[in-house]
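What you are looking at is a predicted structure, and each value in this text was computed from that prediction instead of being measured. Reckoned from all heavy atoms, side chains included, excluding hydrogens, waters and symmetry mates.
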Amino acid sequence: MIDTTLPADQITPSCTKCNYNLSGIDLSANCPECGERIINECIFCDYDLSNTDPNNPCPECGVPVLCSIGNSAFASVSTEQLKSVHTGFKLVTILILLYIVSVIATVVLSFALLTNAPDLNYLFTVIAAVVNNAIIFGIIVGWFKMIQPLTGLPSMIDAPDKRTFVRAMLWVFTGVTVITLIYGFIPSTQSDVLSVVDIAFGIFYIFSLVFMLALFISNVMYIGWFAKLVRNKKMAKRSKHFVWSGPLIAILGFPLFGLGPLITLVLYWNQIEYVRRDLKKIIQTRHA
C-alpha cells in the first residue's frame, strides 16, 4: 500500500516557474509573483491536478499533490546530500567527455603506430588500457555517488528498486573492467592462430556486452526517475524509449566506422548533463 501522507513541516512550497516562496499562500490559486498556476501536472504521471486539493494525493498515481509544487519533492532532503549527488553527476559527465576523446585518440594513434612504429604498439596498448579503464573506474565511482540514498525523500516517490538495480550492475561492470584491464597487459601473439587466452577473452567479451546492456538500461531508468524529481519532462520522456533506441542506434550504426556506439554515448551524456543542470539550479536556489 502506498503511503500518501506527507507531513506539512517537510514542505516549503515554492512556485514551479519562478521559485517564489508560497508559504502561507492558498496553494489552489496562482503565484502572486509570476501569475503561474501553483498546482499543474503531477510530477510523476502528468495528471492534471488543477482541481485537486493540495492536501490530497494524485487521483492517478497516489503521489501527494504537495510533491508536485515547485521543488517540494526534495524539501526534506538536505542540501549537503544534493551537493554530494550533484558531484557524482558532474564527475560522470566530465569523464564521459574525456573517455570519448581518449578512445578517439587511441584509435587514431593505434593506426599510426602500426604503420610507422609497430615496435611501440604493445607499450601503447598497455598505456591506452590503463588510461581508458581508469576513466571508466572514475565513471563508476561517479555513478555510485549519484545513486546514494536521499535521506528524507518521501517513500512514495523514492525508487530503491532502480537504485539497487544500478548498484548491482555497477559491481558487475567493475569486475568486467578489471578483467579487460588485465587482458590489456597480455602481449598479442604474431601468429595467425588465436591463442587460448584470446578465445577465452572473446567469449567473455560477448557475455560482457549483455551485462553492459543491462547496465545501460539500469542507468537510463534511474536518470528517467531522477528527471521527474527535478521536473525535466523532456529527459523523463526520453528515458522511456532510450532504453531500447539507444542500443538499437549503437548496433545499427556500428558498421559505419563505429559511429553508432558513439552517438548513443553522446545522447547518454546529454541526458545525464541536462538532469545535472536542473539539480544544480535547485541547489543554487536554496543558497539564494
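In this structure, CG on L153 lies 8.0 Å from SG on C67, to the nearest 0.5 angstrom. Note that the CG atom of L265 and the CD1 atom of I96 stand 5.5 Å from one another [nearest 0.5 Å]. Rounding to the nearest 0.5 Å places CD of E80 at 6.5 Å from NZ of K83. Distance OH/Y274 to CZ/R238: 8.0 Å, rounded to 0.5 Å. Interatomic distance, CZ of F89 versus OG1 of T87, reported as 11.0 Å (0.5 Å rounding). The CH2 atom of W225 lies 9.5 Å from the CG atom of D161; values are rounded to the nearest 0.5 Å.
If you chain together hydrophobic residues whose side chains sit under 4.5 Å apart, V266 and I251 never meet in one group. A single hydrophobic cluster is not seen to contain both L113 and V131; linkage of ILVMFWY side chains at heavy-atom distances under 4.5 Å, directly or through other members, places them apart. No continuous path of hydrophobic side-chain contacts links I283 to I94 [ILVMFWY only; heavy atoms under 4.5 Å].
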Point to revise | Test log, rule side-chain contact (heavy atoms from CB on, under 4.5 Å), inputs I43 and V63 | key: CA-CA 8 Å; I43 192 176; V63 169; 4.3 Å; yes

Exercise for review: May I have the step-by-step check of side-chain contact (heavy atoms from CB on, under 4.5 Å) for S239 and I223, ending in yes or no?
Suggested key: CA-CA 7 Å; S239 66; I223 292 299; 5.9 Å; no

Point to revise | Steps toward side-chain contact (heavy atoms from CB on, under 4.5 Å) verdict (I272, N219) | key: CA-CA 9 Å; I272 299 174; N219 286 180; over 6 Å; no

Practice item. Test side-chain contact (heavy atoms from CB on, under 4.5 Å) on K145 and S84 and set out the steps. Key: CA-CA 7 Å; K145 290 186 71 66; S84 181; 3.4 Å; yes

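In summary, the aromatic rings of F216 and F242 are positioned with their centroids under 6.0 Å apart. Taking the six-membered ring for Trp and the full ring otherwise, the centers of Y183 and F204 sit at least 6.0 Å from each other.
Every residue two or more places apart in sequence or in another chain that forms a salt bridge (Lys or Arg N to Asp or Glu O under 4.0 Å) with R163 is listed here: D158. The side chain to side chain contact (heavy atoms under 4.5 Å, CB included) test applied to L91 returns L95, V141, not counting sequence neighbours. Residues meeting the side chain to side chain donor-acceptor pair (under 3.5 Å) test with N133, sequence neighbours left out: none. For N121, the side chain to side chain donor-acceptor pair (under 3.5 Å) test picks out no residue, with sequence neighbours left out. Applying the salt bridge (Lys or Arg N to Asp or Glu O under 4.0 Å) test to K233 and every residue at least two apart in sequence or in another chain returns E41. R276 is linked by a side chain to side chain donor-acceptor pair (under 3.5 Å) to H86, E273, counting only residues two or more places apart in sequence or in another chain. In this structure L123 satisfies the side chain to side chain contact (heavy atoms under 4.5 Å, CB included) test together with I127, sequence neighbours excluded. In this view, I203 and I199, F207 satisfy the side chain to side chain contact (heavy atoms under 4.5 Å, CB included) rule, not counting sequence neighbours. For E60, the side chain to side chain donor-acceptor pair (under 3.5 Å) test picks out no residue, with sequence neighbours left out.
Other residues, nucleotides and ligands contribute more than 12 heavy atoms inside 6.0 Å of the CZ atom of F124. Atom OH of Y122 is surrounded by more than 12 heavy atoms from other residues, nucleotides or ligands within 6.0 Å. For CZ of F185, the number of neighbouring non-hydrogen atoms (other residues, nucleotides, ligands) closer than 6.0 Å is greater than 12.
Looking at every heavy atom in both residues, L181 comes nearest to A129 through CD1-O, 3.6 Å. Closest approach of P64 and M156 over heavy atoms only: CD-CG, 3.4 Å. T264 approaches G246 most closely through the heavy-atom pair OG1-O, 2.8 Å. Residues L213 and P247 share a closest heavy-atom pair of CD1-CG, 3.4 Å.
Two residues are said to be in side-chain contact when any heavy atoms from C-beta on lie closer than 4.5 Å; C58 and C45 meet this criterion. Residues F201 and I186 fail the side-chain proximity criterion, which asks for heavy atoms closer than 4.5 Å. At a threshold of 4.5 Å between non-hydrogen side-chain atoms, the residues T151 and V77 do not count as touching. Proximity of S218 to L215: side-chain heavy atoms (C-beta onward) are separated by under 4.5 Å at one or more points. Using a 4.5 Å cut-off on side-chain heavy atoms (C-beta onward), F74 and L150 make contact. Looking at L248 and L252, their side chains come closer than 4.5 Å, going by heavy atoms from C-beta outward. Between T52 and P59 the shortest side-chain heavy-atom distance falls below 4.5 Å.
With a 4.5 Å cut-off between side-chain heavy atoms of Ile, Leu, Val, Met, Phe, Trp and Tyr, the cluster of L256 takes in none.
Listed for the W244 side chain is no donor-acceptor partner under 3.5 Å among the backbone atoms of I217. Between the side chain of S68 and the main chain of C42, no donor-acceptor pair closer than 3.5 Å is present. Within the 3.5 Å criterion, the main-chain N or O of T93 finds a donor-acceptor partner in the side chain of W269.
Checked by atom type, the side-chain pair N232/R277 shows no donor-acceptor distance below 3.5 Å.
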Donor-acceptor list for residues 97-111 side chains, cut-off 3.5 Å, not counting sequence neighbours:
from: S102; atom 1: OG; to: N132; atom 2: OD1; distance (Å): 2.3
from: T106; atom 1: OG1; to: S102; atom 2: O; distance (Å): 2.7
from: T106; atom 1: OG1; to: N132; atom 2: ND2; distance (Å): 3.3
from: S110; atom 1: OG; to: T106; atom 2: O; distance (Å): 2.7

Expected list for residues 164-174: side-chain donor-acceptor pairs under 3.5 angstrom, two or more places apart:
from: T164; atom 1: OG1; to: P160; atom 2: O; distance (Å): 2.8
from: T174; atom 1: OG1; to: L170; atom 2: O; distance (Å): 2.7

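I182 pairs with exactly one of I179, T180, V178 by the side chain to side chain contact (heavy atoms under 4.5 Å, CB included) rule, that one being V178.
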